[in-house]
Amino acid sequence: MSHSRSWRIGKVSRVAVALLGTGVLLVGCASNGDDSGTDTTNTSGDVVTGMVNEQPDPGDAVAGGTMTYGVQVLVPSLDPTKTAARGGSGGEAFAAVYDVLMSYDTASGEFEPKLAQSLDTSDDGSTWTLKLRDGVKFSDGSALDANAVITSIDRYNAGKGNGAELWLASVESAQASGPTTVDFKLKTPWMRFPSMLALGHGMIVAPSSQQGDKFTAVGAGPFTEDLFTPSVERIFKANPSYYGGAPKLDKLRMVALNGPQANLESLNSGQLDVAYIRGLTSAINSAKSAGYPGYIDVLNAGSAEIVNNREGRPGSDVRVRQAIGYALDTTLIDQRVENGEGLPGSELFGPTSQWHVDTPGIAYDPEKAKELLNQAKADGYDGTLDYVVLSEPKDHAIGLAVQSLLQAVGFEVNLILANNAGDIVQNVYVKHDFDLAHAGIGMYESILDLGLFSTTNSTSMANTAGYANPAMDQLIADLQQAKDNSSTLAIIGKIQTLWNETVPSAPIGGLTSFWAWQKNVHGVVPTATGIMLFDQAWMGAK
C-alpha cells in the first residue's frame, strides 16, 4: 500500500564558513542553485541566499497588466525536448505553458504536488503513484489524464530531452491504473525520484502538440504562447481555463538583454519588472543593496574549466588533466575577477551547499602541476592547449587569469575568444572542438542525481568533457539508491575523492544569481533550478 509523504531533498543544517581571500561573499543555504531558503551569514557582510528584501503583506491581488522579465536566453522553441528546463534560460517559458507536476519548495527543501494532486510511494521508494487533479484541461480543451502524462513522458524520452538517459536507466515502467493515476515502477529504489517530475518530464505536452513535423506548444499551464520575435521577446497571454484560476497578469513578456549588468540597468530604469542577474557579484550586490526583493541562488561548480577528455585531445592523458587542476589557484582567480567577492573553490559542492562534504577539492600545487606536465611532455605531448572563452568582460578576465596560471607551470595556452554564447554552445557542447573551455559544470541543489549523471556519467550525451570511468558510474548509481542524508554525503565524499584523482574537469567556484523584481511585483515563486513560476504573480501600483 502506498502512502503519502512530503519528500525532502536531504536538507541538513549549515553554519557560517570562513572562506579564503578577503571580502569573500558567503552565500548560504544554496548551491547547485541552492534551491533552499535557509539564511547563512558570515563576517563578510551577512549575505544570504533564498528570498531577500522580503515585502510586507501587499493586500489583495490586483488583476491586469504585462509583466516583463529579463532572462539570459530566449529559447528558440517551446518544445521541452529541445532545451534543458533551467531558471533564466528557458525553464520559465516551459513552466508558463505546461506548468510542472511537482514543484520544489526552496524554503523547506521539499517537493510538493503542483499540477499533480499527490505523489505517493511504497516504503522503499521502488514504486511511485502519481494522482492527477480532476478536470484539468489542456489549453486546447482536451483532458490532461494519465494517458496524456505517459504519452508526454514517452515523447520526451524519445526526443532525448534533458534527463531522458537517467529516466530510461532508472524507470522500468509507467502505466495508467486509472483515468487520473500513473504508477511508476523503478528498477531500484530512488527516494529523490520526485525531482524528475519538476523539470522536463513533469512539463506535460498535450497530444495535439505534435502534428507530423510541426510542433505547437499546447499545455495546461497558466499561459499560452502569444508572440515570438527571435532574439527580441516572447510574449505569453493568460490562460483563462488554468486549473488554479485565470492568472492575474494579462500577459507575461520575456526579453533577453546583453547580460547581468544590462538587466540591472533596465531594472533600475523601470523597463524590467523582473531581472535575472547572473554571475556578476557587483551587480548582484548593487541590486540587493538597492532593496529589490527577490531570490538569490548559488550554482555549485557553476564556474569551471571544462577539459576535453576525448581521444586525440591533451586531456585524454590523466596527467594533463591533473596538471591543469593543480595549476589553478581559485582564490587568485577570484581576486582578479571578482575582487575577492566571489565563491572560489575546486570542490563540486561548495560550503554553501547542503551537499558539501569534508573532502576538499583538488589543491593548488604548482610544483605538482609542473611534475605531471613534464611527465606528459616526456611521452610526446607538446604542452599546448586551445582554450575557448566567451568574449565578455568577466569571462575574458577569467580566461586571462587561467591562461597565466597554466603558462606559469609550463603549458602553452592559445586563448580563443568566442563572440557569443551561441559560438560556445556550437564549439564546446555540440562539436566538442576544444581542449579547455571556460563554462560551468552546474550542480543544482534540487536535482542532485540528474546533475551528476548528466555531466559525469559515461553514457550521458550531456557529458561535455567526454569523461568515462566505470568507478564513477558506479558511485553515481550508488548515490541514486542512497536512503538518507548520511549515506548520501558519504558517497559524495567518495565521488569528490575520485574526482580529485581523475580530474574530469576543474571547478573554480560557485556562481551566484539574483532574480530581482520591482517592489510592486508580488507572487513570483521560485522552484527547482531557479525557475520562476508566474501563475500567482501580479503587479500593484508603482
Side-chain angles (χ1 to χ4, degrees), residues 19-27 30-31 33 44 47 49 70-73 86-89 256-268 275-289 296-306 328-346 350 352 387-406 413 415-425 427-429 434 436-442 464 505-516 530:
L19 298 179
L20 295 174
T22 60
V24 173
L25 171 69
L26 175 64
V27 186
S31 149
S44 298
V47 180
T49 60
V71 299
Q72 181 187 16
V73 175
R86 300 291 186 268
S89 57
L257 303 180
N258 190 27
Q261 186 62 40
N263 274 357
L264 173 62
E265 291 169 359
S266 295
L267 186 71
N268 287 337
Y276 177 42
I277 305 172
R278 181 180 188 268
L280 187 61
T281 302
S282 59
I284 290 169
N285 287 344
S286 177
K288 184 170 179 287
S289 297
I296 291 182
D297 200 12
V298 177
L299 178 61
N300 272 352
S303 184
E305 305 312 316
I306 309 300
L328 299 181
D329 183 344
T330 62
T331 302
L332 176 63
I333 295 170
D334 178 59
Q335 290 286 349
R336 291 188 180 181
V337 177
E338 294 271 31
N339 295 316
E341 294 185 318
L343 293 170
S346 60
T352 63
Y387 178 33
V388 178
V389 177
L390 181 63
S391 180
E392 176 274 335
K394 180 183 175 181
D395 283 17
H396 193 186
I398 291 173
L400 291 173
V402 169
Q403 180 188 44
S404 175
L405 287 164
L406 291 175
V413 181
L415 193 63
I416 301 171
L417 295 178
N419 292 325
N420 52 57
D423 288 344
I424 292 284
V425 170
N427 292 328
V428 176
Y429 294 94
F434 71 102
L436 188 70
H438 177 70
I441 298 171
T464 307
S505 288
I508 61 173
L511 188 71
T512 308
S513 294
F514 185 17
W515 286 260

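When a residue number appears, it is its place in the shown sequence, counting from 1. Atom set for the values below is all heavy atoms of this structure, side chains included, hydrogens, waters and symmetry mates excluded. This is a predicted model, so every value here is computed, not measured.
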Side chain to side chain contact (heavy atoms under 4.5 Å, CB included), that's the test. Do Phe434 and Ile416 meet it? Break it down for me. CA-CA 9 Å; Phe434 71 102; Ile416 301 171; over 6 Å; no
Just do the side chain to side chain contact (heavy atoms under 4.5 Å, CB included) check on Ile398 and Glu305 with the steps written out, would you? CA-CA 10 Å; Ile398 291 173; Glu305 305 312 316; 3.8 Å; yes
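Contact detail for Leu511 and Gly279: the closest heavy-atom pair is CD1-CA, 3.5 Å. Residues Thr330 and Ser346 come closest through the heavy atom pair CG2-N, 4.2 Å. For the pair Arg336 and Ala401, the tightest heavy-atom approach, listed with the atom from each and the gap, is NH1-CA, 3.8 Å. Contact detail for Ala418 and Asp423: the closest heavy-atom pair is CB-CB, 3.9 Å. Leu390 and Ala421 make their closest contact through CD1-N, 3.6 Å (heavy atoms, listed as atom of the first residue, atom of the second, distance). Of all heavy-atom pairs spanning Ala283 and Ile277, the tightest one is CB-CG2, 3.7 Å.
Side-chain atoms of Asp334 come within 3.5 Å of backbone N or O of Gly342 as a donor-acceptor pair. Using modelled atom types, one side-chain atom of Asn263 and one backbone atom of Tyr276 make a donor-acceptor pair closer than 3.5 Å.
Here the CD1-OG distance, from Ile284 to Ser289, works out to 11.5 Å after rounding to the nearest 0.5 Å. Interatomic distance, Ser513 OG to Leu299 CG, rounded to the nearest 0.5 Å: 7.0 Å. Ile441 CD1 to Ser505 OG: the interatomic distance, rounded to the nearest 0.5 Å, is 5.0 Å. A distance of 4.5 Å separates NE2 of His396 from CG of Leu417, quoted to the nearest 0.5 Å.
When the salt bridge (Lys or Arg N to Asp or Glu O under 4.0 Å) test is applied to Glu338, the partners found at least two apart in sequence or on another chain are Lys394. For the side chain to side chain contact (heavy atoms under 4.5 Å, CB included) test, residues two or more places apart in sequence or in another chain that qualify with Ala262 are Leu257, Asn258.
Within the 4.5 Å cutoff, the side chain of His438 has heavy atoms near those of the Ile508 side chain. Taking the side chain as every heavy atom from C-beta outward, Tyr387 and Leu406 never approach each other to under 4.5 Å. With contacts defined as side-chain heavy-atom distances shorter than 4.5 Å, the pair Ile333/Leu405 qualifies.
Test Asp297, Thr512, Val298 against Thr352 for side-chain contact (heavy atoms from CB on, under 4.5 Å) and you get one pass: Val298.
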